[in-house]
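Let me begin by presenting the structure, written as structure tokens, before commenting on it.
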Amino acid sequence: MPITSSETAAWRDRILSGDLRALARAATAIENQSRAGRELISALFPQTGRALIIGITGPPGAGKSTLVDQMVTLIRAAGKTVGVIAVDPSSPFSRGAILGDRIRMQRHHADPGVFIRSMASRGKLGGLARGTLEMALLLDAAGRDHVIIETVGVGQDEVEIARLADVTVVVLVPGMGDDVQASKAGIMEIADVFAINKADLPGAERLEQEIRAVQSVANDSGGATAAPIRRVVSADGAGVADLIEVIQDVYRARGAQSRSVATWSLRLTDLLRDEFLESLPAEAIQEHAARLAEKIEDPYAALAALVRVIKSRHMEQEKSV
Ligand SMILES: Nc1nc2c(ncn2[C@@H]2O[C@H](COP(=O)(O)OP(=O)(O)O)[C@@H](O)[C@H]2O)c(=O)[nH]1
Ligand SMILES: [Mg+2]
């Protein structure tokens, strides 16, 4: 068991009792990847696993933030609490987008039932996915009924982040039929639900057909059941209530699976692997590589030596906590 300092225990208890300032401080600690943040996640971990985690992904400008805003309003109207994590991997400095989201979300600002955080990429391998997972765990433990993760695009980062969600919604807009074809592999892999946003614009029908066409090809080759498709107009909220219902249906339909050991181990595998890779002693590896090149050492002796270095480092860390 990890050692929980009394300070961390007090912090955890404040978060569990709904203290928003303690929650905000925790979110910042996670963003900064501080050791205190990590200790806190350890202490909170037993309380996680209750929230419905919803991933919202799609190309820039598809209206994801607008959709999330509408979803938040409806979730609150239903008396549930929500946490929103806006992930922006493209640029840590894209203040424009983040500022826009902030202004949009401002109407929820005074509502303690809504907690919103933006996460920027920290430029580390897998760091974004891990940070997002930790943030989701935090909000889950803090008792948020729903956690919504907004991510841009369908690249590798997004696929990893989508795996964190119980239900992933891919947002597409009319006029991008070709894009569906081009990126169908990625999209088909992660979409549990399709939302055709901006259905007020021409071409929604055509886009729906395009998605169905790709789905039927996937089906013929023995793919899973086709993800439901819903049209929405996030600008005025039309269809969003129905979309939320579909998300909850999908979640319920695989309720047992969502909470299963398999899903959780998938989530945590990334976390643990990244932690482990980062703890590798880069200088020691280089030193031993040089010794191998000079034939002073053999590969297995080098490996054994490196394992000893890693072990002693971990023991030092345990002691200093
Ligand atoms: N016509 C129309 N425009 C929309 C709709 N939803 C969002 N938009 C607009 O699309 C633009 C991008 O929205 P945003 O939510 O920031 O997209 P994101 O980059 O995917 O988060 C904004 O100008 C929105 O006002 C919609 O349903 N219909
Ligand atoms: Mg956005």
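We count residues from 1, following the sequence as given. We count ligands from 1, going down the list as the structure has it; atoms in each ligand are counted the same way.
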Has ligand 1 got any nitrogen or oxygen that is less than 3.5 angstrom from a nitrogen or oxygen of [X]?
{"X": "Gly61", "value": "yes"}
{"X": "Pro60", "value": "no"}
{"X": "Ala235", "value": "yes"}
{"X": "Ala62", "value": "yes"}

query = Under 6.0 Å from the CD atom of Gln248, do we count more than 12 heavy atoms belonging to anything else shown?
reply = yes

request  = Determine whether the side chains of Thr48 and Asp140 contain a donor N or O and an acceptor N or O closer than 3.5 Å.
outcome  = no

Name, closest N/O/S atom of Glu150 to the Mg ion (ligand 2) = OE2

Any ion pair linking [Y] and [X] (charged N to carboxylate O, less than 4.0 Å)?
{"X": "Glu205", "Y": "Arg231", "result": "yes"}
{"X": "Arg212", "Y": "Glu208", "result": "yes"}
{"X": "Arg35", "Y": "Glu39", "result": "no"}

query = At a 4.0 Å threshold, what atoms of ligand 1 neighbour a non-hydrogen atom of Glu150?
reply = 21 (O)

request  = Enumerate the atoms of ligand 1 whose separation from the nearest heavy atom of Asp200 is less than 4.0 angstrom.
outcome  = 1 (N), 2 (C), 26 (C), 27 (O), 28 (N)

query = Should the proximity of Asn197 to ligand 1, defined as any heavy atom under 4.0 Å, be assigned to the side chain, the backbone, both, or neither?
reply = side chain

ask   = Side chain or backbone of Thr66 under 4.0 Å from ligand 1, or both, or neither, by non-hydrogen atoms?
value = both

Thr73/His108 under side-chain contact (heavy atoms from CB on, under 4.5 Å): CA gap, chis, key distance, verdict = CA-CA 8 Å; Thr73 303; His108 301 298; 3.3 Å; yes

Option from Val170, Val169, Thr168, Ile247 for which side-chain contact (heavy atoms from CB on, under 4.5 Å) with Asp192 holds = Thr168

Val193 side chain reached by Leu243 side chain, heavy atoms, under 4.5 Å = yes

request  = Nearest heavy atom to atom 21 (O) of ligand 1 wins, so pick from Ala238, Ser65, Pro59, Ala86.
outcome  = Ser65

ask   = Would you say Ser65 reaches the Mg ion (ligand 2) with an N/O/S atom under 2.8 Å?
value = yes

